Amino acid sequence: MRPMNSFSRIRRTLLACAASAAAATVGLAALPASAAPATSAAPAAPKLGDTCTPADLGTRHPYIKSAEVIPTITQFKGWYVTEGSTGSQTVSTNVQESISVSVGLNARAQGSFAVEALGMVGGTVGLNVQVNYTRTSSTSKSISWNFRQPGYYGLYEGTKKVTGTYGSLNCNRTDLGGGSYGLKWTEGPDTGSYTTFTTLEEGAVRCEDKVPANSIMRKAQDLLDCGSPTATAKHPAGPVSSAKADQLKHDADKAAGSAKAAQSMKATQVAPRAALDCQPGAYKIDVPGKPLNWSAPLLANDGIRLRQSTFFSAHLDNWRLCNVTEHNGVIEASLWNWGNGGCATIPANIANQEQAYLTTATCGEDDLQRFYIYRDVPGSSKIGIQNKYTGSMMGHDRYADGELIRQYSSGRQDGTGTYTLTGV
């Protein structure tokens, strides 16, 4: 056999490299889609009865108890179109109802709990609903429409209003029987109502149009007074008053005014001083395994902060549980401070705000001064604390001397809302 010359060797080497590159290309193209880097999915919301950990004691999650979908007209105007007035027109409509997204006390739907709850609402009713704060217009709105034929029209903007109630899941000790306990997600005592709505739609409808029952268009048609002589009477082009629409607007304004007055009255009421029945023991509310604990303020305009106990603490870090009740394993109590004689509370003027600070005030018959306490299994002193009125969990933003204790609608998901109740 003759030895290969240099050119032959080079040629064969190049052919082998090309074949290897082609094989590698084919191999990469044949890789299954599953070989691509996986993206981590958001953790699923807990379900009633699922197990939880001590870090979850200071957290809560919503669940939807009821939901009702109501087609609602937010803007409306009755409008006559004559033979000579067909075509595109811009009509100024009147407000019929203004809808605001809200969850519980949080009229502006702030915080992770509200967003999570509204997201669940959408899944429950099978609709895309607003999950952050917004509202429909509270002023007249112009709508442009191309009227193709003469007739009596109702020009409208509408949506599907979704209302209902929610509850909360909280981590708490559960009796498993036989003297054993475990931590599970249980139904907490906190509950409330919500309101949201779907995408707004505009349109025009006539009395003689066939429209689906219980639709937004049907609601607008109902405001046309189709059974009245107005619907068939000769009329010049332009606006027509609707008795039904006027009455609906009047009812909506009256209901909104009554709700605002009730809320204002509630905010200005002064709670009578409570005669407290306190348990004999005193406690520190500690950060687990660390020296800082809850310390009441000396000044009325200050809040409860994380402090280290010293000789000069003057019992500001000592708390008693008062007027204690227990239901389904959840303690409800007022937290009375030995040092300043006040009860822990969320200030009423900021109670609806995410991260409102905790302070003390003169003890009274007030749900802002009542707290639910969720406990770890017997033998552990770890707890989570929830305000009865706002439903928010207590926690702190960072571990630091002087850091305020605040309320968080869903609690602190990093476990910083779990404390220990240490007897002193």
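Computed from a predicted structure; not experimentally measured.
Between the side chains of S66 and T165, a donor-acceptor pair is found at a separation under 3.5 Å. Residues T72 and T159 bring no donor and acceptor atom of their side chains to less than 3.5 Å of each other. When only modelled atom types and interatomic distance are considered, Y156 and Q96 share no side-chain donor-acceptor pair under 3.5 Å. For the 3.5 Å distance criterion, the side chains of R307 and S313 fail to qualify, holding no donor opposite an acceptor. A donor-acceptor pair shorter than 3.5 Å cannot be found between the side chains of N337 and T360. Residues S309 and N293 have side chains that bring a donor and an acceptor to within less than 3.5 angstrom of each other.
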Item to complete: Assess whether ring pair (Phe, Tyr, Trp, His ring centres under 6.0 Å) is satisfied between Y166 and F113, documenting all intermediate values.
Response: CA-CA 11 Å; Y166 66 84; F113 184 87; 5.5 Å; yes
Worksheet item: Does the pair D286 and K290 meet the rule for a salt bridge (Lys or Arg N to Asp or Glu O under 4.0 Å), with working shown?
Response: CA-CA 7 Å; D286 301 304; K290 296 182 178 181; over 6 Å; no
Discussion item. Please evaluate residues C207 and C226 with respect to the criterion disulfide (SG to SG under 2.5 Å), reporting the C-alpha separation (whole Å), side-chain torsions for both, the decisive distance (0.1 Å), and the verdict.
Written reply: CA-CA 6 Å; C207 290; C226 289; 2.2 Å; yes
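Under the 3.5 Å distance criterion, the side-chain polar atoms of Q407 are left unmatched by any main-chain donor or acceptor of L358. Between the side chain of T74 and the main chain of E157, a donor-acceptor pair closer than 3.5 Å is present. Side-chain atoms of R60 come within 3.5 Å of backbone N or O of G391 as a donor-acceptor pair.
Heavy atoms of other residues, nucleotides or ligands lying less than 6.0 angstrom from CG of N128 number 12 at most. Counted within 6.0 Å of CD on E208, heavy atoms from surrounding residues, nucleotides or ligands total more than 12; the atom is thus considered enclosed.
Atom-to-atom distance recorded for D302:CG and T359:OG1 is 7.0 Å, nearest 0.5 angstrom. Atom NZ of K141 is separated from atom CG of N94 by 13.5 Å, given to the nearest 0.5 angstrom. L404 contributes atom CG, which lies 10.5 Å from atom CD of Q355 (distance to the nearest 0.5 angstrom). The distance from atom CZ of R375 to atom SG of C171, rounded to the nearest 0.5 Å, is 13.0 Å. The line from CG of L306 to OG1 of T416 is 10.0 Å long, rounded to the nearest 0.5 Å.
With 2.5 angstrom as the limit on SG-SG distance, C322 and C363 do not come in below it.
Evaluated for a side-chain contact (heavy atoms from CB on, under 4.5 Å) with F197, the options T136, V129, V162 yield exactly one hit, T136. A side-chain contact (heavy atoms from CB on, under 4.5 Å) with M393 holds for exactly one of N170, T59, I385; it is N170.
Looking only at side-chain heavy atoms (C-beta outward), E97 and I73 stay at 4.5 Å or farther from each other.
Between W145 and Y153, the distance separating the two ring centers is not shorter than 6.0 angstrom.
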